[in-house]
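All remarks here apply to the structure that follows.
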Amino acid sequence: MPQESSSIVPDEATFLKIVADLSTRLSTVDNQALLCQRLHEHTFTLVGSETTEIYFYNPSVEQFRPPSIEFGHRCKTQPPHVPKLFRTDDPHVRALKNNPVPTIVDNKTASDAFTQTGNSAHLLAPVVAGDTFTALIYFGSRAPYHFTNDDLNAIASLSAIIGSGLKNIDTIKSLKTSVSELEYTEQLRSALYEISEQAHSGQTMDELYYSLHQIVGLLIPAKNFFIALAETNNDETIVSFPYFSDVYDSRFQGKRLHLGPDDKRSLTSYLIESGKPLLTTPENFEQICQTNEIAYIGTQPTSWLGVPFYLEHMSGAVVVQSYDEIIYSEKDKNLLIYVARHVGDALARKKSIDDLRQSKTKAETAEKNKSAFLANMSHEIRTPMNGIIGITDLLLDSEITDKQYTYLTMVRSSADRLLNLVNDILDFSKIEAGKLELQIEPFKLRETLTETLSILELNAVKKGILLDAHINTDVPDHLNGDPNRLCQVLLNLVQNAIKFTDDGEVRVHIECNRQLLLEQEGHSSLHFMVSDTGIGIPEDQQEHIFDAFKQADNIKTGAYEGTGLGLPVTAQLVELMGGRIWLESSPQRGSCFHFTAYFTIFDSNDAEIKKQTSLLKKRPSSSTTPSYNILLAEDDPINQTLAIAILEREGWQVTLAVNGLEVLEKLKKKSYDLVLMDIQMPEMDGLEAARNIREQEQDNNWHQPIVAMTAYALKGDRQKCLDAGMDGYISKPIDTDLLRIEVETVLKQHQPQPERFQHN
Ligand code: ADP
C-alpha cells in the first residue's frame, strides 16, 4: 500500500462529504466553466489537485480538452501533472467508449498523453451525461499506487455526480436557449407585425421610415440606420437616401448619389448590385472594399450590416452600422434579412397605395376639369346661338317672301334644336360637376302643367296624336319647388313620348304618391306618369335607358334624332327633386315613364305666387309699354345689333356702351331709366361697373336700375350679379318676353326715380 499522502481517495467519511458537497454545489451551477472552477476549488483539492483534471469532448477538433483550453481565460490554468489533452483516437479513450467505467491505465502500456505527466499511476474515468460520453476525468499519482475496487467505485460515483451536473447544465442551457428563442421569436414576430401595420397606416413615407428605424432598434443596436433606394437610368445608378439617421453622417439624409459607369461603387450600391446581405467587421472591411472596387463614402464604420431588397421598379437596402465596439453577428444579419424583406414589401405596398391615391385624385380632378370645360364650352356656344336665334327672329318679323320665311323657319328650328342640345350638355356637365341646384320658389302646379303642355301642343297636333293631362283632385296646387326644372322634366318626357309615337295618344297623369308611408303635414310627394302608345322600348334596353349617351335600339334606324342626354339629365333632376324615375314599356304597345318628386305645400294666403318666367313661354303682352331710355352695355357686334333691334322693337331708346368704363362715363353725362349690362366685357366687366355705380350712389339718394344680361348660366352666377348690386338678371339667348318682364319688374321696384339730368 503506498503512502497515505499519495492516495487519491480519502477515507469514506471524507469521500461522502465530498460527494454531498459536490452535489449541493453543482445544483447551482449553470455553465461548464463554473463547474470546472468548483471542481478545482472544492473537489480536486481533496483528491490531489495537481494530478486531477476533467476533459471535455470537443467534436470540432476530435479532442477531449481541459477547461484551460476549452474555456480559456474563464478557467484556472491547467494543473502541472495532468495530460495536456486526449485525442479521441487514443486507445484508452476508445476503450472507455466501449466500456464506460473507470479504468486503470498501466504505465507500461500508457500512451504519450499519460506518460508525459511523469506520474506513476493513472486512472481514467468516463463522464456520461444522460447517454452522451461528454467528458473524462483523469486521476494520477506521483508515487506508485494501486487503485483498489473501492477507489474505482468511489470514482465511478464521483463521475456519475459530475455527469448529472453536466446534464443539468445542458438542460438549463437548452431551456434558456429555448426561452430566449421564444422571447426573440415573439419580439421578432411583433416587430414584423408592427412593420406591416406601419406600412398600411396613413402616414407619409418619412414617418414610415422613422417608424421602421424605431422598430429595428428594438431588435438590434441601430443607432446608425439608413434606408437607401437605387434606380438605374441608362448607365447611371442613382442611390438616394430617403432616411439617414447617423451620429456622424446624417448629412446624407435626402442626398442622391449619381454613380456613372466609370465611378467606383459605394458600399451600398455594391450591396444592392450583388443582391446579397453584407456584414463587415474590422478584419474584413478593407479587403471587401479592395476586392470589389468600392470607394467607401463617409465615416468608416467598425461594423456595417446591410441587406438589399427589391421593389417592382427599384431596389433598395436597409443598413445598420456601428462606430464603436458593436460588431454585428450572423444572427443580426439573419434578422435584418427578415426585416429588409418586410421593409421592401412595406415600401412597395405603401407606394402602390400612394400611387392609387394619386391617380384617384388625378382622375377626380380630370373629371371635374372635363365638366368645367364642358360648361365653359356650352357658354361659348350659347353666345353665338344668341345671335343666330335673335337675328332670325328679327328677320321672321320683317317683310320677307314666303320662300324666305320657310327657309328662316328651318334655320330657327335647327337653331332651337342646337340650343336644346347645348342646354342638355350644360345641365349634364353642371350635374356632373355638382354645380346644379334647384331654385326653390312658390308655384301653381296646374298652371305650370298647362303652360308646359301648351309648348308641345303644336307638335302633337302636327303628328295627329292626342295630348291629354289629368291631375287628381286631392293633389295640392300651391307648392314650393323648382317649377322650371319640373317643367324641364315634363318637357323631356312628353317630347320623347310625342317623338316616339306615330299614332294614338300621349297622356300626363299626376296623383299623390301613396307609396310614401311617412306622409308629413305640409309636405307632398307626387307621382307623375307620362304614357304613350308609341314604339315602346325593348326590355333589355330599359335598364340602361337613364345612362348618358344611350339610345335604345328601337331608334338606331336613324328615323329619330337625339343625343341620349335627355333622360340622364331628367333622371338627375328627378333625384334632385327628392324622387326617382322608372319606366314600364313594351315594344309596339307604348311606354309609361313614372317619376316622383317631393314638394312642400305652399300656403297661398301668405303670399302671392310669382308668375313663372324662364322656361315657360309667355304670350307677347298686348299692353303697350312706356318708352324707356336704356343704356346697353355689350361688346360683341352681333349681339349689339340684335339687342338694339329687340329693344327698339319694343319702342325703347337705346344708347350703346362697349364696356364698363364707357357705362360709367355715359352715366355721368346723362340719366338712363335702366342699364342692360353684359358681364364679360374688355377693360371693365359688368360686375365691376355695377359695383362702381353703387359706390358712387352712396352719397346721393339715387338708385340706378341695372339688369344683367349674360350667357353665363352656372350656379351662383345670378347671385354674383345681385351681389355686385344689380337688380335683375336675364340669360342669353335673349327671350324678348322675358326681357320685357324683367325690365318692367325692376323698374316697378325702383320707381319713381328723380331726374338727375335734363334729357337732351
Ligand atoms: P334622345 O331622345 O335625345 O335620344 P333621351 O335620353 O331623351 O335622348 O332618350 C334616350 C332614348 O330612350 C331614346 O333615344 C329612345 O331610344 C328611348 N326613349 C325615350 N323615350 C321613349 C319613348 N317614349 N318611347 C320609346 N323610346 C323612348
Side-chain angles (χ1 to χ4, degrees), residues 5-59 63-86 93 96 100-103 113 117 119 122-142 147 150-177 179-180:
S5 63
S6 65
S7 167
I8 62 153
V9 179
D11 61 82
E12 203 177 318
T14 318
F15 180 74
L16 281 177
K17 195 171 158 287
I18 294 175
V19 170
D21 182 63
L22 185 64
S23 304
T24 328
R25 289 185 192 283
L26 291 194
S27 65
T28 59
V29 162
D30 65 356
N31 67 74
Q32 293 178 341
L34 190 63
L35 175 121
C36 296
Q37 219 178 320
R38 296 266 190 275
L39 286 176
H40 277 285
E41 281 170 10
H42 304 283
T43 316
F44 293 166
T45 43
L46 298 172
V47 292
S49 62
E50 296 205 328
T51 52
T52 310
E53 182 60 295
I54 182 166
Y55 297 83
F56 292 92
Y57 175 57
N58 183 326
Q63 290 174 351
F64 283 85
R65 311 209 292 186
S68 54
I69 302 181
E70 193 64 12
F71 311 120
H73 66 277
R74 284 189 290 164
C75 285
K76 259 175 50 179
T77 47
Q78 201 173 9
H81 305 295
V82 296
K84 297 247 168 312
L85 50 82
F86 290 100
V93 175
L96 277 194
V101 292
T103 307
T117 60
N119 291 337
H122 317 275
L123 186 140
L124 198 59
V127 178
V128 180
D131 46 13
T132 323
F133 189 179
T134 322
L136 293 169
I137 301 180
Y138 169 84
F139 295 92
S141 170
R142 301 299 291 162
F147 292 96
D150 283 349
D151 289 342
L152 292 179
N153 286 339
I155 285 169
S157 309
L158 200 66
S159 54
I161 293 172
I162 296 174
S164 89
L166 283 173
K167 173 79 184 137
N168 270 350
I169 292 176
D170 264 1
T171 316
I172 292 174
K173 207 159 108 190
S174 70
L175 219 73
K176 269 194 174 164
T177 333
V179 166
S180 73

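All values below were derived from every heavy atom in this structure, side-chain atoms included, with hydrogens, water molecules and symmetry-related copies excluded. Position 1 is the first residue of the sequence; numbering continues from there.
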Original post:
Can you tell me if Thr134 uses its side chain to pair, donor with acceptor, with the backbone of Thr132 under 3.5 Å?
Top reply: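 Yes; judged by distance alone, with no hydrogens or angles, the pair exists.
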Subject >> Donor-acceptor contact below 3.5 Å, side chain Ser157 vs main chain Asn153 >> reply: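 Yes; at least one donor-acceptor contact below 3.5 Å.
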Is [Y] close to [X] at the side-chain level, that is, under 4.5 Å between some pair of heavy atoms?
| X | Y | value |
| --- | --- | --- |
| Phe64 | Leu124 | no |
| Phe147 | Pro102 | no |
| Pro83 | Thr117 | yes |
| Pro67 | Gln37 | no |

Measure across [X] and [Y] and return the closest heavy-atom pair with its distance rounded to 0.1 Å.
| X | Y | answer |
| --- | --- | --- |
| Val82 | Thr51 | CG1-C, 3.5 Å |
| Gly163 | Ala129 | O-CB, 3.5 Å |
| Pro126 | Pro100 | CG-C, 3.3 Å |
| Ser159 | Val127 | O-CG1, 3.8 Å |
| Pro66 | Leu85 | CD-CB, 4.1 Å |
| Tyr55 | Lys84 | CE2-O, 3.8 Å |

Original post:
Sequence neighbours excluded, which residues qualify as side-chain hydrogen bond (donor to acceptor under 3.5 Å, both in side chains) partners of Arg65?
Top reply: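 Testing Arg65 for side-chain hydrogen bond (donor to acceptor under 3.5 Å, both in side chains), a comparison that skips the adjacent residues, returns Glu70.
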Original post:
Who passes salt bridge (Lys or Arg N to Asp or Glu O under 4.0 Å) against Asp21, sequence neighbours left out?
Top reply: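 Arg25.
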**OP:** Kindly determine whether Phe139 and Leu158 satisfy side chain to side chain contact (heavy atoms under 4.5 Å, CB included), including the steps that lead there.
**Re:** CA-CA 12 Å; Phe139 295 92; Leu158 200 66; 4.0 Å; yes
Using 0.5 Å steps for rounding, measure from the [atom1] atom of [X] to the [atom2] atom of [Y].
| X | Y | atom1 | atom2 | value |
| --- | --- | --- | --- | --- |
| His81 | Glu53 | NE2 | CD | 13.5 Å |
| Ile169 | Leu34 | CD1 | CG | 7.5 Å |
| Ile54 | Leu39 | CD1 | CG | 5.5 Å |
| Ile137 | Ile155 | CD1 | CD1 | 8.5 Å |
| Asp170 | Leu166 | CG | CG | 7.0 Å |
| Tyr57 | Phe133 | OH | CZ | 10.0 Å |

**OP:** Apply the test side chain to side chain contact (heavy atoms under 4.5 Å, CB included) to residues Leu123 and Asp151: give CA-CA distance (whole Å), side-chain angles for both, the deciding distance (0.1 Å), then the verdict.
**Re:** CA-CA 10 Å; Leu123 186 140; Asp151 289 342; 5.5 Å; no
**OP:** Assign the ring pair Phe86 / Tyr138 to parallel, tilted or perpendicular, where the plane angle (0 to 90°) is split at 30° and 60°.
**Re:**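 Rings of Phe86 and Tyr138: tilted, 30 to 60°.
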